[in-house]
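Contents: one structure, followed by commentary.
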Amino acid sequence: MQFRGENTVFYGIRLLKRCGSGAYGDVYYGEDASRRRIAVKIIDKVRLGDTWKRELKGVVNYRKITDDFPELLKIFYVGEDEESFFYTMEAADSRETATYHPDTLEERLRGGAFPPEELLSVVTANFSGHQNAP
């Protein structure tokens, strides 16, 4: 799937902004048909070969535990076609503004290193599975 800028539509999800990418795929901030703001991770099966199945296994295992931990992000939908595997989930930062910027580590570090007291809070929240908003 080629992101063609804002309002690219992927399986009925309007992709508003590309948040970033990793080893397995790209993450977008989007909006479903009900106008709920969500994150969408799209994995290119053709590019990865059978390696994409590792991500699917991780998603399956993750979904088994999320009901027991309300602090963890919820995965709403998992789908695939010949070229891609994808899933929709809560946006990690749940921002609802038109000028959305993903609350990623990269974004947080743009202003420099974390002060020690904030770093401890972020690390503790990550290890405990809690969402942390500075």
Would you sort out whether I43 and Y87 count as a side-chain contact (heavy atoms from CB on, under 4.5 Å), showing the intermediate values?
CA-CA 9 Å; I43 294 94; Y87 52 96; 4.1 Å; yes
Given V78 and F86, is the side-chain contact (heavy atoms from CB on, under 4.5 Å) satisfied, shown in steps?
CA-CA 6 Å; V78 179; F86 64 97; over 6 Å; no
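There is a path of hydrophobic side-chain contacts, each under 4.5 Å, that joins L56 to I65. In the hydrophobic clustering of ILVMFWY residues, with side-chain heavy atoms under 4.5 Å counting as a link, W52 and V46 come out apart.
A salt bridge does not link D26 with K41: every distance from a Lys NZ or Arg NE/NH1/NH2 to an Asp or Glu carboxylate oxygen is 4.0 Å or more. The existence of a salt bridge linking E90 and K74 is excluded, since no basic side-chain nitrogen approaches an acidic carboxylate oxygen closer than 4.0 Å. In this structure, K45 does not pair ionically with E82, as no charged nitrogen and carboxylate oxygen lie closer than 4.0 Å.
Here the side chains of V40 and L15 are in contact, with some heavy-atom distance below 4.5 Å. Using a 4.5 Å heavy-atom threshold, the side chains of I13 and E31 count as separate. In this structure the side chain of K17 never reaches within 4.5 angstrom of the side chain of Y28, judged on heavy atoms. Side-chain atoms of F10 and S84, non-hydrogen and from C-beta on, do get closer than 4.5 Å to each other.
Under the 3.5 Å distance criterion, with hydrogens and angles disregarded, a donor-acceptor pair is assigned to the side chains of Y11 and D81.
Under a cutoff of 6.0 Å and an axis angle of 45°, R36 and F76 form a cation-pi pair.
The two residues A91 and L73 have their closest heavy-atom pair at O-CD2, 4.1 Å.
In this structure, the separation between OH on Y77 and OG1 on T88 is 8.5 Å, given to the nearest 0.5 Å. Note that CG of L72 is 13.0 Å distant from CE of M89, once rounded to the nearest 0.5 Å. Separating the CD1 atom in I42 from the CD atom in E83 is a distance of 11.5 Å, to the nearest 0.5 Å. Note that OG1 of T51 and CG of D44 are 11.5 Å apart. Values are rounded to the nearest 0.5 Å. I38 CD1 to L16 CG: the interatomic distance, rounded to the nearest 0.5 Å, is 9.5 Å. Between the CZ atom in R47 and the OH atom in Y24 there is a gap of 10.5 Å [rounded to 0.5 Å].
Here the side chain of Y62 pairs no donor or acceptor atom with the backbone of I75 at under 3.5 angstrom.
With a 6.0 Å radius and a threshold of 12 heavy atoms from other residues, nucleotides or ligands, R63 has its CZ atom above the threshold.
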